[in-house]
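Here's the structure, in structure tokens; my notes come after.
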Amino acid sequence: MERREFSKLGLLASGALILPLGCMGNSTPPIIGGNEKLFLNEQDFERIRENIKQFGWAKKRFEVLKNTVSRSEDDFFKSHWKGSWRQWSTGQYLKYIAIHYRLTGDDTKLIQIKEHLISEFKLNQMEVPYNKLGLPTSKEIWSWGMSRMNYFWTWDMVKNHPIMSSFKDALMIRFEEITQQYLRYEDKFIGRLGNTQFWGISAMGVMGFLTSNEEAIDRSINGKFGLKTALDNKIRDGKFWPEPSNYSIHYVLCAMSLLAEASRVSEYEDLYHYVSPSGGSIKGMIDGLFELCYPQGLLASNGDAAHLAILNSNGEVLKNQYSGGYLFDDPADRVVNKFEIFYKAYKDPKYAWVINKQKERFSLDVTVWGDNTLIYGIPLENIEAPSFQSSVFPEHGHAMISTVEGKNYWNGKNNVLHVRNGNTTQYHGNDDPFHFDLIVNGKMIYLDWDLGWNYLAPKPSRNNRNKTPISHYSIGHNTVLVDKKGPDKRRYQLPQRIEEFSDINFSDIKDTGRMKTISLEGSIYEGVNQRRTFGITPDYLIDIFECSSDEIHTYDYILHNEGAFELYTKIDLEDYDGFDKDYKLEPIDSESTEEGNSWLRKGKKGLVHNSWQGGFFDEEGKRVKLDVGGEKGTEVFVTNTPMVVDNGWNDTPENLKKLTKPMLIIRRECKSTKFIVVHQLTNLDKPFKVIRGENNIEIMTEDYSDTIELKGNRLLLTSK
């Protein structure tokens with residue numbers, strides 16, 4: 001691996017050692033920099049200063065920086081996304097002080113950096129090894145380093161100032177101790193590479209750059225679990241990290257960009273443009289996210305990173321807004337937008353489009369980068385919306401189908417069907433084979449809901465109080481359960497020790513008239529074959545779920561929504577409180593005896609033999625109408641499940657305990673069956689007339705008549 005060897009002459013030539021500047025148009029003290037190893041060098045600071053002089057967006061971000069630095073660390077902590085560690089926000093605060101100093105020469109707050117570094121790295125106790133004073137020796141070192149990454153960056157920016165000279169040697173000893181711990185971490189604690197392990201590998205590389213440890217640098221880039229190896233054998237469909245989308249954009253792409261920037265500043269190789277032999281690249285991973293993005297910016301996801309409720313400052317749930325991974329317009333407080341960094345690296349017009357979608361130009365990443373508009377922003381040359389195309393990603397286990405494609409996709413005047421084949425992911429998966437989500441004109445209708453209380457459960461992190469995390473199980477998804485249980489090979493292990501497997505195959509996406517179709521087929525229950533075929537149009541969704549076996553089974557078709565469910569066909573209903581027994585569900589919280597401590601609440605059931613109608617609605621009106629094909633002996637169940645559970649049932653606020661979402665269960669006991677459901681999506685005050693034949697369905701409205709022929713896993717549409 002080759003890099004430039006810095007020399008004093010070279011640094012002086014670049015003006016990077018001692019710079020008496022008139023930075024912001026005023027006389028400033030000398031700024032002492034040079035020999036940067038990590039993420040910004042003096043050429044970067046010169047670019048930032050020029051931006052502040054020339055561009056309003058940069059000047060505004062600089063004013064925010066000045067205001068941030070004028071505050072106390074405690075005030076910053078109170079307003080910052082806090083995560084789990086004080087060090088997370090403190091590191092951001094110290095980094096902003098360092099950046100402000102490097103831009104202006106104002107060193108009045110560098111004493112705070114000195115004090116925090118001495119305290120955090122125990123520089124007054126150098127006789128004791130650091131791992132005995134606070135550095136983890138376990139696999140948790142990945143999170144330890146993530147929460148302190150900005151301490152390392154801060155030091156790299158201010159290390160040449162005289163105030164730091166008294167402890168410089170001691171701190172470098174500590175940094176080398178940390179580097180050695182990361183080397184041991186790779187040797188001892190990594191079996192399979194997930195997002196947390198890769199973060200540890202990247203932190204090892206960052207420490208290698210900081211301490212000039214060539215072994216750590218080489219292992220982080222070229223080693224068994226290094227960046228190049230990960231791009232070569234971890235990426236699915238040439239684009240996707242094999243975990244839910246949130247983990248890719250939150251952690252993996254953040255860690256990869258750390259290595260790429262450190263490599264750039266230290267003048268090693270250009271990792272941004274590296275393409276592995278199998279075709280994996282950082283840019284490919286970024287671009288893949290656009291292909292799994294709903295029009296409002298929310299990433300289609302699954303598993304432990306699916307959709308959660310967002311609460312406002314009053315503890316109330318925001319309507320039609322969800323926590324998750326976002327490319328833009330993230331309504332949550334844990335924002336991870338790094339597109340200023342990506343645009344500077346690639347000049348891709350669609351990255352500029354993401355940046356330009358903000359009301360004010362501001363790209364924030366709370367994990368490490370912070371305000372990357374100020375530090376990485378450059379003028380936007382070309383701004384162009386990406387062109388969306390419906391696609392299938394069989395290795396990653398997702399398919400995205402939109403009724404509107406091209407650049408108009410992002411206008412949100414379309415229906416978007418997201419389908420999961422349930423492919424195993426290395427970590428954070430759920431039992432979600434054959435699951436689907438649906439967005440209609442920007443509104444999430446059927447959703448993949450993930451309760452925060454279920455995260456990492458059942459694990460010691462929840463003190464084993466949550467023994468049956470419902471959002472992990474198939475009952476928590478829009479799919480069909482066989483014999484009231486999940487698939488024979490479960491998908492939700494954390495960590496997953498078995499090899500990945502794919503037991504459901506996607507068809508291609510086909511066009512038939514104004515309908516797009518896709519089919520999934522496989523056997524995830526012994527002796528049972530399942531096939532699900534979807535047809536999506538601007539007005540409705542056809543859903544045909546076939547189950548066939550030589551033995552009698554119980555088949556439960558599940559739908560989750562928001563609001564409430566109402567039957568339009570008269571069906572005699574009676575109370576039913578057997579859901580927990582049916583699905584072998586423990587209480588939400590085994591330590592709670594308070595009312596409502598149950599995943600599926602007392603509901604209703606009824607018997608129906610013919611086709612019937614119903615629908616979901618909320619306070620804004622009707623959400624979707626259903627026309628369900630009949631079969632003798634069909635049971636219909638309506639229940640609900642909590643929308644929010646926070647830190648156990650006892651600790652969930654009363655107003656949140658009352659929030660529920662409805663669940664519809666359609667049950668049949670037989671050898672083989674077909675659930676044929678028409679989901680009406682538009683003109684809900686004018687119900688469709690649905691006429692069912694043996695091998696066709698006719699949908700009649702005032703404006704058109706559609707005939708859909710059923711041919712195995714194919715649908716053929718004829719419109720009049």
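One-based numbering along the sequence shown.
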Is there a donor-acceptor contact under 3.5 Å from the side chain of [X] to the main chain of [Y]?
X      : Y      : result
Thr373 : Gly377 : no
Asn337 : Leu364 : no
Arg491 : Gly422 : yes
Ser263 : Leu271 : no
Asn454 : Ala457 : no

Flag the pair [X] / [Y] as yes when their ring centroid distance falls below 6.0 Å, and as no otherwise.
X      : Y      : result
Phe39  : Trp369 : yes
Tyr346 : His273 : yes
Tyr351 : Tyr343 : no
Tyr247 : His428 : yes
Trp142 : Phe189 : no
Tyr96  : Tyr93  : no

Give a yes or no on whether a salt bridge exists between [X] and [Y], defined as a side-chain N under 4.0 angstrom from a carboxylate O.
X      : Y      : result
Arg361 : Glu340 : yes
Lys283 : Asp287 : yes
Asp431 : Arg420 : no
Lys224 : Glu186 : no
Lys239 : Glu291 : yes
Glu381 : Lys347 : no
Asp371 : Lys95  : no

Polar side chain donor-acceptor pair, [X] to [Y], under 3.5 angstrom:
X      : Y      : value
Ser390 : Glu405 : yes
His472 : Asp304 : yes
His560 : His477 : no
Asp450 : Ser471 : yes

Please report the shortest heavy-atom distance between [X] and [Y], naming the atom on each side.
X      : Y      : result
Gly325 : His250 : CA-NE2, 4.5 Å
Ala352 : Asn382 : CB-O, 3.3 Å
Pro244 : Ser301 : CB-OG, 3.6 Å
Ile310 : Ser323 : CG1-N, 3.3 Å
Leu451 : Met643 : CD2-O, 3.4 Å
Trp241 : Ala230 : CZ3-CB, 4.1 Å

Could you walk me through whether Asn213 and Glu176 satisfy the side-chain hydrogen bond (donor to acceptor under 3.5 Å, both in side chains) test, starting with their C-alpha distance in whole Å, then the side-chain angles of each, then the deciding distance to 0.1 Å, before giving a yes or no? CA-CA 8 Å; Asn213 186 313; Glu176 185 56 40; 3.1 Å; yes
Geometric cation-pi criterion, [X] with [Y]: 6.0 Å, 45°:
X      : Y      : value
Arg86  : Phe77  : yes
Lys37  : Phe209 : no
Lys228 : Tyr274 : yes

Evaluate the side-chain proximity of [Y] to [X]: yes if any heavy-atom separation is below 4.5 Å, no if none is.
X      : Y      : value
Asn233 : Leu193 : no
Leu40  : Val265 : no
His418 : His398 : yes
Ile341 : Tyr272 : yes
Trp199 : Cys254 : yes
Met157 : Ile99  : yes
Lys350 : Glu384 : no

Rounded to the nearest 0.5 Å, how far apart are [atom1] of [X] and [atom2] of [Y]?
X      : Y      : atom1 : atom2 : answer
Glu269 : Asn222 : CD    : CG    : 6.5 Å
Tyr326 : Gln321 : OH    : CD    : 6.5 Å
Thr211 : Gln180 : OG1   : CD    : 8.5 Å

Whether Phe152 and Phe175 hold their rings parallel, tilted or perpendicular, with breakpoints at 30° and 60°: perpendicular
Pairing residues for Tyr130 by the side chain to side chain donor-acceptor pair (under 3.5 Å) criterion, not counting sequence neighbours: none
Across all chains, not counting sequence neighbours, the side chain to side chain donor-acceptor pair (under 3.5 Å) partners of Arg264 are Asp44, Glu261
Checking side-chain contact (heavy atoms from CB on, under 4.5 Å) between Ile401 and each of Val416, Leu417, Val392, which is the one that passes? Leu417
The criterion is salt bridge (charged side-chain N to carboxylate O under 4.0 Å, His left out); which residues satisfy it with Glu140, sequence neighbours excluded? none
